[in-house]
K.L.:
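Quick one: the structure is below, questions incoming.
Position 1 is the first residue of the sequence, and the numbers go up from there. Just so it is clear, the values below take in all heavy atoms, side chains as well, and ignore hydrogens, waters and symmetry mates.
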Amino acid sequence: MTMKTRYFFLFLIAISVISCTKLDEEVYDKIPGDLYPENENQVANLSVEAYAKLRPFADDEGWWFLAQEISSDELAGPTRAADWYDGGKWVNMYQHTWSNDEEGVNRMWSAFWTGITTCNQVLDMMKELPQNPALIAKMKEVEVLRSFYYYLLIDNYGDAPYLTSAKNAPDKPLKVKRAVIYDSLVSTVRSALPYLKSADNKYMATKYMGFALLAKLYLNSTIYTAPAPGQEGTPRWEEAGMYCDSVIAGPYGFDASFQAPFLTNNQNNKEIIFSIPYDENNFQGFRLHMRTLHYQHNLKYDMPVGPWNGFAVVPTFFDTYEDADERKAAWFIYGMQYDINGNEIIDGETGEPLDIDPYLPALSMDATNFTPTQIRTTGARIGKYEIKMGAKENLSNDFPLFRLTDFYLMKAEVLIRLGGNGDEWINPIRERAGVAAFSGATLDDLLAERGRELYCEGHRRQDLIRFGKWENPWWEKQAHGPERSIFPIPKWATDANPNLLLNP
């Protein structure tokens with residue numbers, strides 16, 4: 001039985017014994033406190049529902065991944081004549097013109113709070129059970145998972161309510177400063193470390209996942225402790241480097257293949273630290289291939305469903321890869337396209353062979369100013385995550401939230417920011433990709449390499465903000481002020497709780 005299969009088995013067990021259908025209900029009220037949990041497996045089941053709330057993050061139900069990438073200089077959702085306008089949500093996200101009533105803004109806020117609230121419900125329930133070392137350790141694990149949800153919340157929305165119980169939560173909570181939440185998250189995770197398992201379990205908040213989360217928090221300390229967007233807070237580079245070291249010293253390894261962490265069966269890949277266990281049948285929610293592939297790419301991958309011909313790589317980002325960079329050919333889909341029998345695919349509207357031009361001519365393409373070929377076949381498509389033969393609407397590739405090479409590059413960043421040299425941590429990544437090693441890499445070199453290596457893994461928005469590039473213009477996006485470094489709290493949420501409009 002694989003780890004992923006065990007995960008689903010535990011999930012089904014948990015659903016069968018746990019009553020948890022709505023966030024405002026009393027949860028887990030059918031577990032007799034004097035009888036349950038009786039063994040370590042039953043303790044493990046208690047947290048499954050809290051982890052399950054990660055499922056929407058990679059698609060439009062939860063919007064986290066989409067917001068991080070579509071708002072960046074890496075990925076665009078171009079309007080293709082009558083397709084993909086969708087009320088302007090993709091253009092608005094890319095051009096940073098979103099409102100407080102935008103789909104991405106609304107759903108991402110909901111996804112984070114669903115994760116936080118479920119963790120708090122689980123913790124409230126566990127506090128009422130007979131205490132023992134295994135249960136206490138599980139509570140600490142859930143606190144770290146809740147801290148991960150909160151980390152994403154403050155990264156995207158800044159100031160927010162900070163609640164550590166569902167049972168005792170006020171009806172209309174007030175916001176607290178992002179810096180206050182940041183300090184509490186650091187304290188919570190550090191205090192939990194002695195209780196967390198020192199194991200390579202990619203679906204659990206292990207000790208190494210805790211190290212990784214602390215490294216991320218410390219790395220972004222100048223942002224999270226800033227008095228206001230655009231100002232600088234307190235740097236914690238040394239601490240970030242220390243926890244990068246702890247991650248790197250863990251049970252992980254640098255894979256000889258840069259493609260291996262993104263294969264369909266990547267659940268045991270040695271670079272992945274913490275991931276979402278997507279499965280095409282049992283844990284659905286990863287449809288990136290549907291959003292990016294041309295309508296007739298189903299012929300290339302023998303798919304039983306037709307893709308939607310949407311997302312494409314920003315042309316200026318495509319050009320950041322050298323032609324010799326092996327990641328360029330492996331992670332982007334462009335050029336002449338062939339079906340599973342080696343025949344040219346013919347575009348159903350133009351009648352021409354499907355030849356993907358990697359360069360989008362514009363973010364919005366209408367039939368008056370652009371040809372059908374430009375509208376339908378421009379923009380390199382996303383091929384980083386393996387699209388297996390016979391792929392369905394949902395992929396079975398696990399989505400890596402924390403991956404080892406990210407922490408190599410974070411270690412390099414810390415060293416450079418402290419006046420040192422980070423080449424030894426960057427160059428193994430470059431050499432694996434078939435490009436020349438750096439000598440004296442600068443912060444700009446590092447940011448560019450982070451883009452190339454971590455493309456489409458959900459890091460780019462955060463990186464651009466930390467490196468001071470977020471406000472800059474780039475392809476089809478204008479310069480703006482620092483207020484766009486956080487998303488607004490959704491209108492529906494402030495209508496329900498006007499306290500969310502008050503500054504803490």
K.L.:
Determine whether the side chains of Gln284 and Asp279 contain a donor N or O and an acceptor N or O closer than 3.5 Å.
P.N.:
no

K.L.:
Any chance the rings of Trp308 and His289 have centres within less than 6.0 Å?
P.N.:
no

K.L.:
Which atom names give the shortest non-hydrogen contact between Ala437 and Glu431, and what distance separates them?
P.N.:
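Answer, listing the atom of Ala437 first, then Glu431: CB-OE2, 3.6 Å.
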
K.L.:
Return the OG to OH distance between Ser364 and Tyr85, rounded to the nearest 0.5 Å.
P.N.:
8.0 Å

K.L.:
Can you tell me how far OG of Ser485 sits from CD of Gln462, rounded to the nearest 0.5 angstrom?
P.N.:
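Separation between the atoms: 12.0 Å.
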
K.L.:
Do you know which two heavy atoms are closest between Glu74 and Gly451, and how far apart they sit?
P.N.:
OE2-O, 3.5 Å

K.L.:
May I ask you to say whether Asp60 pairs ionically with Arg287, meaning some side-chain N is under 4.0 Å from a carboxylate O?
P.N.:
yes

K.L.:
Can you confirm whether Phe370 is buried at CZ, in the sense that more than 12 heavy atoms of other residues, nucleotides or ligands lie under 6.0 Å from that atom?
P.N.:
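Atom CZ in Phe370 is crowded, with more than 12 foreign heavy atoms closer than 6.0 Å.
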
K.L.:
Please determine if Glu453 and Arg432 form a salt bridge, counting it only when a charged side-chain N lies under 4.0 Å from a carboxylate O.
P.N.:
yes

K.L.:
What is the ring orientation for His297 with Tyr301, classed by angle as parallel under 30°, tilted 30 to 60°, or perpendicular over 60°?
P.N.:
tilted

K.L.:
If only side-chain N and O atoms count, and only distance matters, is there a donor-acceptor pair under 3.5 Å linking Asp83 with Asn309?
P.N.:
no

K.L.:
Ignoring hydrogens, what is the shortest heavy-atom contact between Arg80 and Gly310? Give both atom names and the distance.
P.N.:
NH2-O, 3.1 Å

K.L.:
How long is the span from the CD1 atom in Ile465 to the CZ atom in Arg460, to the nearest 0.5 Å?
P.N.:
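Output value for this atom pair is 11.5 Å.
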
K.L.:
For the residue pair Leu152 and Trp64, what are the closest heavy atoms and their distance?
P.N.:
CD2-NE1, 3.8 Å

K.L.:
Is Ser396 reaching over with its side chain to a backbone N or O of Glu280, donor-acceptor style, under 3.5 angstrom?
P.N.:
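The answer is yes, because a donor-acceptor pair under 3.5 Å joins these two groups.
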
K.L.:
Using the ring of each side chain (for Trp, its six-membered ring), is Phe402 parallel, tilted or perpendicular to Tyr151, with breaks at 30° and 60°?
P.N.:
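Judged by the thresholds at 30° and 60°, the geometry between Phe402 and Tyr151 is tilted.
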
K.L.:
Would you give the length of the straight line joining atom CD of Glu386 to atom CG of Asn397, rounded to the nearest 0.5 angstrom?
P.N.:
6.5 Å

K.L.:
Quick one: is the NZ or CZ of Lys384 closer than 6.0 Å to the six-membered ring centre of Phe262, and within 45° of its axis?
P.N.:
yes

K.L.:
Closer than 3.5 angstrom, by distance alone: can the side chain of Thr292 be matched with the main-chain N or O of Leu288 as a donor-acceptor pair?
P.N.:
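Answer holds: no.
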
K.L.:
Start with the C-alpha gap between Val305 and Lys392, add the side-chain angles, then the distance that decides, and say whether side-chain contact (heavy atoms from CB on, under 4.5 Å) holds.
P.N.:
CA-CA 7 Å; Val305 292; Lys392 301 178 181 179; 5.6 Å; no

K.L.:
Applying salt bridge (charged side-chain N to carboxylate O under 4.0 Å, His left out) to Glu471 and Arg484, what does each step give before you reach the verdict?
P.N.:
CA-CA 8 Å; Glu471 300 169 31; Arg484 290 278 154 173; over 6 Å; no

K.L.:
Kindly indicate, with the supporting measurements, whether the criterion side-chain contact (heavy atoms from CB on, under 4.5 Å) is fulfilled by Tyr295 and Glu349.
P.N.:
CA-CA 10 Å; Tyr295 302 115; Glu349 180 172 314; over 6 Å; no

K.L.:
Using a 3.5 Å distance criterion without hydrogens, assess whether the side chain of Asp86 forms a donor-acceptor pair with backbone atoms of Lys89.
P.N.:
no

K.L.:
Using ring centroids (six-membered ring only for Trp), state whether Tyr359 and Phe318 fall under 6.0 Å.
P.N.:
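Ring centres of Tyr359 and Phe318 closer than 6.0 Å.
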
K.L.:
Indicate yes or no: does Glu413 engage Arg466 in a salt bridge with an N to O separation below 4.0 Å.
P.N.:
yes

K.L.:
Is the Phe311 ring parallel, tilted or perpendicular to the Trp90 ring (thresholds 30°, 60°)?
P.N.:
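Rings of Phe311 and Trp90: perpendicular, as their planes differ by over 60°.
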
K.L.:
What orientation do Tyr94 and Trp475 show, parallel under 30°, tilted 30 to 60°, or perpendicular over 60°?
P.N.:
perpendicular

K.L.:
Is the NZ or CZ atom of Arg327 positioned over Tyr455's six-membered ring, under 6.0 angstrom from the centre and within 45° of the axis?
P.N.:
no

K.L.:
Any chance the side chains of Asp319 and Thr316 put a donor and an acceptor closer than 3.5 Å?
P.N.:
no

K.L.:
Can you tell me if Asp323 has over 12 outside heavy atoms packed within less than 6.0 Å of its CG?
P.N.:
no

K.L.:
Can a donor-acceptor pair be found, under 3.5 Å and without considering hydrogens, that links the side chain of Thr442 to the backbone of Asp445?
P.N.:
yes

K.L.:
Of Asp347, Asp357, Asp355, which is the lone residue that meets salt bridge (Lys or Arg N to Asp or Glu O under 4.0 Å) with Arg376?
P.N.:
Asp347

K.L.:
Once the angle between the rings of Phe317 and Tyr321 is folded into 0 to 90°, is it parallel (under 30°), tilted (30 to 60°) or perpendicular (over 60°)?
P.N.:
perpendicular

K.L.:
Give me the one residue out of Arg452, Arg403, Arg450 that meets salt bridge (Lys or Arg N to Asp or Glu O under 4.0 Å) with Glu457.
P.N.:
Arg403

K.L.:
Report the residue from His294, Glu344, Lys300, Arg381 that forms a side-chain hydrogen bond (donor to acceptor under 3.5 Å, both in side chains) with Gln337.
P.N.:
Lys300

K.L.:
Which label fits Phe487 and Tyr157: parallel for a plane angle under 30°, tilted from 30 to 60°, or perpendicular past 60°?
P.N.:
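Judged by the thresholds at 30° and 60°, the geometry between Phe487 and Tyr157 is tilted.
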
K.L.:
Are Asp302 and Lys388 within salt-bridge range, i.e. N to O under 4.0 Å?
P.N.:
no

K.L.:
How far apart are the C-alpha atoms of Asn269 and Asp255, what are their side-chain angles, what is the distance that settles it, and do they pass the side-chain hydrogen bond (donor to acceptor under 3.5 Å, both in side chains) test?
P.N.:
CA-CA 8 Å; Asn269 181 263; Asp255 203 301; 2.9 Å; yes

K.L.:
Step by step, work out the salt bridge (charged side-chain N to carboxylate O under 4.0 Å, His left out) result for Lys411 and Asp406.
P.N.:
CA-CA 9 Å; Lys411 177 68 175 178; Asp406 183 10; over 6 Å; no

K.L.:
Atom CZ in Phe211, atom CG in Asp245: separation rounded to 0.5 Å?
P.N.:
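That separation rounds to 11.0 Å.
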
K.L.:
Indicate whether any N or O donor in one side chain lies under 3.5 Å from an N or O acceptor in the other, for Asn369 and Asp366.
P.N.:
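Their side chains do contain a donor-acceptor pair, which is all the 3.5 Å distance test asks for.
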
K.L.:
Any ion pair linking Asp59 and Arg291 (charged N to carboxylate O, less than 4.0 Å)?
P.N.:
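Salt bridge flag = yes for Asp59 with Arg291.
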
K.L.:
Verify the ring-centre separation between Phe399 and Tyr278: is it less than 6.0 angstrom?
P.N.:
no

K.L.:
Taking NZ, NE, NH1 and NH2 as the nitrogens, is one of them in Arg461 or Glu69 under 4.0 Å from a carboxylate oxygen of the other?
P.N.:
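No salt bridge links Arg461 with Glu69.
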
K.L.:
Test side-chain contact (heavy atoms from CB on, under 4.5 Å) on Gln95 and Gln478 and set out the steps.
P.N.:
CA-CA 7 Å; Gln95 295 185 327; Gln478 301 299 312; over 6 Å; no

K.L.:
What distance do Asp423 atom CG and Ser439 atom OG have between them, rounded to the nearest 0.5 Å?
P.N.:
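Result: 6.0 Å between the selected atoms.
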
K.L.:
For Tyr252 together with Phe407, are the ring centres under 6.0 Å from each other?
P.N.:
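No, the ring centres sit 6.0 Å or more apart.
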
K.L.:
Set out, in order, the CA-CA distance, both residues' side-chain angles and the distance that settles side-chain contact (heavy atoms from CB on, under 4.5 Å) for Tyr385 and Trp331, then state yes or no.
P.N.:
CA-CA 8 Å; Tyr385 298 87; Trp331 289 352; over 6 Å; no

K.L.:
Within the side chain of Ser110, is there an N or O that forms a donor-acceptor pair under 3.5 Å with the backbone of Asn106?
P.N.:
yes

K.L.:
Kindly determine whether Asn92 and Glu102 satisfy side-chain hydrogen bond (donor to acceptor under 3.5 Å, both in side chains), including the steps that lead there.
P.N.:
CA-CA 9 Å; Asn92 292 344; Glu102 200 88 38; 3.2 Å; yes

K.L.:
Between Tyr51 and Glu141, is there a side-chain donor-acceptor contact under 3.5 Å, judged purely by atom types and distance?
P.N.:
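Checked: Glu141/Tyr51 side chains pair up, N/O donor to acceptor below 3.5 Å.
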
K.L.:
Under the 6.0 Å and 45° cation-pi test, does Lys202 pair with Phe274?
P.N.:
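No cation-pi geometry.
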
K.L.:
I want to know whether Phe112 and Tyr150 have ring centres closer than 6.0 Å.
P.N.:
no

